[in-house]
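First the structure, in the form of C-alpha cells, and then the observations on it.
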Amino acid sequence: MIPDVSQALAWLENHPQALKGIQRGLERETLRVNADGSLATTGHPQALGSALTHKWITTDFAEALLEFITPVDGDIDHMLDVMRDIHRYTARQLGDERMWPLSMPCYIAQGQEIELAQYGSSNVGRLKTLYREGLKNRYGALMQTISGVHYNFSLPMAFWEAKCGETSKEAISDGYFRLIRNYYRFGWVIPYLFGASPAICSSFLQGKPTALPFEKTECGMYYLPYATSLRMSDLGYTNKSQSNLGITFNELHEYVAGLKRAIKTPSEEYEKIGLEKEGKRLQINSNVLQIENELYAPIRPKRVTRNGEAPSDALERGGIEYIEVRSLDINPFSPIGVDEKQVRFLDLFMVWCALAEAPEMSADELLCTRTNWNRVILEGRKPGLTLGMGCETAQHPLAQVGKDLFRDLKRVAQTLDRVDGSEAYQKVADQLVACFDDPELTFSARILRSMIEKGIGGTGRALSAEYRETLLSEPLTVISEEAFIAERDASVARQKEVEAADTEPFDVYLAKHA
C-alpha cells in the first residue's frame with residue numbers, strides 16, 4: 001500500500017543539505033474557562049491587546065476562544081519556546097480563568113449564548129464578526145468551539161532547486177500538491193498517533209440523534225472504545241455541503257478555479273437562513289462558502305496574502321509558499337497543546353509526502369480517501385483494523401502499513417539528523433513506531449483511560465489547573481514582558497489606525513465583499 005520511495009530516499013541521502021532551512025510555524029486554539037470548567041463569559045482580556053492586529057495573540061470563532069501564533073521559525077526548540085512564552089504571559093493575564101487543555105469543549109449548556117469574537121468598529125473587523133455569525137447560523141456555535149493545532153511547514157528553496165532543477169511557482173506548487181495528495185492518502189497516521197478526542201460530553205450532542213455506537217459512562221460521557229479523534233468526525237469539523245465542490249489538488253490554476261467557484265456557488269440550504277432578520281445581518285452571503293477560509297480541509301496550500309488580497313489570489317500570484325496541516329487535536333499532555341515529538345514527526349512525514357510518487361486524484365478519489373480517515377478516526381485502535389487501497393480495491397492491516405511507512409520515515413530521520421548533527425529525529429521515529437504494535441501508547445488510548453475514570457470535565461479541569469500552575473511558575477525565556485507590553489500597545493494603536501482610516505459605510509464595503 002505504501003508507494004516505493006526507495007529511489008527518492010536514496011536521492012535525499014545524497015542531497016542532505018536540501019533539507020537545511022525547513023521553516024515552520026504553529027497556531028494553537030484554546031477556550032478560556034472558569035475554574036469549574038465552564039466557558040468564560042468575559043471579553044478578550046485588554047491586557048492581551050487587540051485581537052484584530054496582535055502578532056501573537058488573537059481570537060478564533062468566539063470571544064473566549066484564544067488563538068496563539070508563532071512567527072515563522074527555522075529552529076524547533078525556539079518555536080516551542082516562543083509558544084510557551086505566549087502561554088506563560090497569557091496565563092498571567094487571565095486571573096482565575098485558565099486554558100482548556102482538550103479539543104472538545106465540555107461545559108457548554110444547550111442554548112448557552114456564546115459571544116462571537118469582536119474586532120472593533122472597522123469594516124474589516126465587522127466583516128470578521130459577521131463571518132462568524134454566518135458560521136454560527138450554518139453549523140451551530142458549539143461546533144465552532146472545537147479547538148485544534150495548525151502546523152505550517154515549508155521546504156527550503158534548496159530542496160526544490162535540487163529536486164526539480166528549477167524554482168518556478170509552477171514547479172514548487174506541483175511539488176506541494178504532490179505532498180497534499182500523499183497527505184490525503186496517508187495522513188490518517190496523524191489522528192492515529194495524536195488524536196486525543198475519543199469521547200464527548202453528552203451536552204455536545206444537544207439531544208440530536210447519532211448513528212455512532214457510543215458507549216456511555218455514569219457521568220454522561222459518550223465515547224467509542226477505539227476512537228482517536230471525534231473532533232475530525234462528522235460530529236466535528238466537517239461540512240457535507242462542501243463534499244461535492246469538486247476541488248482537486250493536481251494543479252495550481254485548477255485548484256484556484258475550484259476555490260473561486262465555491263465562493264460563488266449558491267446554496268439552497270443557506271438561502272433558507274436568509275441574509276437578514278429584523279435588521280440584523282445573518283451571514284456574509286448564502287453561497288456554499290461565505291469566504292475561502294470556510295473550506296474545511298485537513299490540509300491547505302497557502303501563501304502569505306498582501307493587504308486586502310484573497311487567499312486564492314495570493315496563490316495565483318505567487319504559487320504555494322507553505323502548507324498548513326490542520327488535523328492535530330490539542331495535545332492534552334502538554335501545557336502548550338503541542339510538543340517537540342509531534343513537530344519532528346510532522347517534519348518527517350511532510351518530507352516523505354513530498355518525495356513519494358502521488359498519482360493525480362479525481363474529486364471522486366479524494367472522497368474515497370475519506371473512508372480510511374473515518375475508519376481511523378472512529379476505530380483506529382481496533383485490533384486487526386484494515387485500511388483500503390484506492391477506492392477500497394484491496395485491504396491492508398493498519399499496523400503493517402504504519403510500520404512500512406515508518407521504515408521510510410526512519411531513513412528521512414537519519415538524513416535530517418545528519419543535517420542537524422543529532423539523533424533527535426531517529427529517536428522520535430523509534431518511539432512512535434511502537435504505537436502500531438501497541439495502540440495503548442497512542443494519545444487517544446492514554447487520555448481515554450483518564451476520561452473513563454474522571455470524565456471529560458474532571459480530566460479537563462485537573463489538567464487546566466495543573467498547567468495554569470506550571471505556566472505561572474515559569475519565567476519568560478525568549479519574549480520579555482516588555483516586548484509583550486509593547487506589542488499589546490502597538491496592536492491597540494494599529495486597530496485605532498485601521499478604524500480611523502475607514503470612511504466607507506459598512507453596507508457599501510459589505511456589498512463589495514459579499
Side-chain angles (χ1 to χ4, degrees), residues 26-40 42 45 47-48 57 64-68 70 77 79-108 145-149 193-201 204 217 219-221 223 228-231 328-343 431 440-479 481 484:
L26 287 167
E27 302 162 27
R28 187 259 163 114
E29 300 157 352
T30 179
L31 288 167
R32 284 188 293 112
V33 298
N34 299 309
D36 63 0
S38 62
L39 192 67
T42 50
L48 300 180
I57 304 170
L65 185 53
L66 292 163
E67 183 172 357
F68 302 142
T70 68
D77 291 335
M79 175 181 72
L80 291 168
D81 285 344
V82 168
M83 183 58 93
R84 199 165 183 111
D85 270 357
I86 296 171
H87 280 73
R88 288 164 176 150
Y89 181 77
T90 300
R92 289 156 169 68
Q93 315 311 317
L94 292 186
D96 196 40
E97 291 176 5
R98 57 270 331 252
M99 296 171 251
W100 190 245
L102 305 171
S103 276
M104 301 301 278
C106 191
Y107 298 108
I108 300 180
T145 62
I146 297 172
S147 307
V149 171
L193 295 170
F194 304 129
S197 52
I200 56 171
C201 279
F204 193 81
T217 63
C219 65
M221 181 181 88
Y223 71 98
T228 60
S229 177
L230 293 176
R231 164 183 168 264
L328 279 177
D329 283 359
I330 301 297
N331 176 349
F333 305 106
S334 164
I336 63 170
V338 62
D339 66 20
E340 179 206 2
K341 193 186 293 187
Q342 293 175 284
V343 172
Q431 286 173 339
E440 288 301 303
L441 297 172
T442 60
F443 279 13
S444 56
R446 290 165 59 198
I447 199 67
L448 184 59
R449 289 196 287 274
S450 171
M451 289 173 167
I452 287 173
E453 183 190 337
K454 301 177 188 169
I456 291 183
T459 298
R461 284 199 312 273
L463 289 172
S464 63
E466 177 192 331
Y467 294 155
R468 175 174 177 265
E469 292 305 314
T470 298
L471 294 165
L472 288 174
S473 70
E474 293 175 350
L476 300 172
T477 58
V478 287
I479 306 177
E481 185 162 6
F484 276 112

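Using a distance-only test at 3.5 Å, with no hydrogens or angles considered, a donor-acceptor pair links the side chain of Arg32 to the main chain of Thr42. Checked by atom type and distance alone, the side chain of Asp85 pairs as donor or acceptor with a backbone atom of Ile479 at under 3.5 Å. With Glu67 contributing its side chain and Glu29 its backbone, the two residues share no donor-acceptor pair below 3.5 Å. Proximity of a side-chain donor or acceptor of Asp36 to a complementary backbone N or O of Ser38 within less than 3.5 Å is detected. In this structure, the side chain of Ser197 does not engage the main chain of Ser103 through any donor-acceptor pair within 3.5 Å.
Ala40 and Asn34 make their closest contact through CA-ND2, 4.0 Å (heavy atoms, listed as atom of the first residue, atom of the second, distance). Nearest approach of Tyr467 to Pro332, heavy atoms of both residues: OH-O, 2.6 Å. Residue Ile336 comes nearest to His87 through the heavy atom pair CA-NE2, 3.5 Å, listed as atom of the first residue, atom of the second, then distance. Scanning all heavy atoms of the two residues, the minimum distance from Leu441 to Arg446 falls at O-CD, 3.4 Å. Nearest heavy-atom pair across Leu448 and Pro198 is CB-CG, 3.8 Å. Scanning all heavy atoms of the two residues, the minimum distance from Ala199 to Tyr223 falls at CB-CB, 3.6 Å.
Considering only residues two or more places apart in sequence or on other chains, Tyr89 meets the ring-ring contact (aromatic ring centres under 6.0 Å, His included) condition with Phe484. Residues satisfying the ring-ring contact (aromatic ring centres under 6.0 Å, His included) test with Phe194, not counting sequence neighbours, are Phe345, Phe443. In this view, Glu474 and Arg84, Arg88 satisfy the salt bridge (Lys or Arg N to Asp or Glu O under 4.0 Å) rule, not counting sequence neighbours. Partners of Asp96 under the salt bridge (Lys or Arg N to Asp or Glu O under 4.0 Å) rule, at least two apart in sequence or in another chain, are Arg98, Arg468. Under the rule for a salt bridge (Lys or Arg N to Asp or Glu O under 4.0 Å), Glu481 has no partner lying at least two apart in sequence or in another chain. A search for side chain to side chain donor-acceptor pair (under 3.5 Å) contacts involving Arg92 returns nothing, not counting sequence neighbours.
The distance from atom CG of Leu66 to atom CG of Leu94, rounded to the nearest 0.5 Å, is 6.5 Å. Of the inter-residue distances, the one linking Ser450 atom OG with Ile456 atom CD1 reads 10.0 Å to the nearest 0.5 angstrom. Interatomic distance, Ile447 CD1 to Phe333 CZ, rounded to the nearest 0.5 Å: 4.0 Å. Going from atom CG of Asp329 over to atom OG of Ser229 covers 3.5 Å, rounded to the nearest 0.5 Å. Cys106 SG to Leu39 CG: the interatomic distance, rounded to the nearest 0.5 Å, is 11.5 Å.
Two residues are said to be in side-chain contact when any heavy atoms from C-beta on lie closer than 4.5 Å; Thr442 and Thr228 fail this criterion. For the pair Ile146 and Met104, the minimum side-chain heavy-atom distance is below 4.5 Å. Side chains of Ile57 and Ile86 form a contact here, defined as non-hydrogen atoms less than 4.5 Å apart. For the pair Leu31 and Met99, the minimum side-chain heavy-atom distance is 4.5 Å or more. Phe204 has its side chain within reach of Pro105: a pair of non-hydrogen atoms, C-beta onward, lies under 4.5 Å apart. You'll find the side chain of Met451 reaches within 4.5 Å of the side chain of Leu102, heavy atoms only. Side chains of Phe68 and Leu26 form no contact here, defined as non-hydrogen atoms less than 4.5 Å apart. Between Arg461 and Lys454, the closest side-chain pair of non-hydrogen atoms is not below 4.5 Å.
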Would Val33 and Tyr107 satisfy side-chain contact (heavy atoms from CB on, under 4.5 Å), going step by step from the backbone distance to the final call? CA-CA 9 Å; Val33 298; Tyr107 298 108; over 6 Å; no
Under the side-chain contact (heavy atoms from CB on, under 4.5 Å) criterion, do Asp339 and Leu80 qualify, and how do the steps go? CA-CA 8 Å; Asp339 66 20; Leu80 291 168; 6.0 Å; no
Go through the steps to decide whether Leu328 and Gln342 satisfy the test side-chain contact (heavy atoms from CB on, under 4.5 Å), and finish with yes or no. CA-CA 9 Å; Leu328 279 177; Gln342 293 175 284; 3.7 Å; yes
Evaluation steps, side-chain contact (heavy atoms from CB on, under 4.5 Å), between Ile200 and Met221: CA-CA 6 Å; Ile200 56 171; Met221 181 181 88; over 6 Å; no
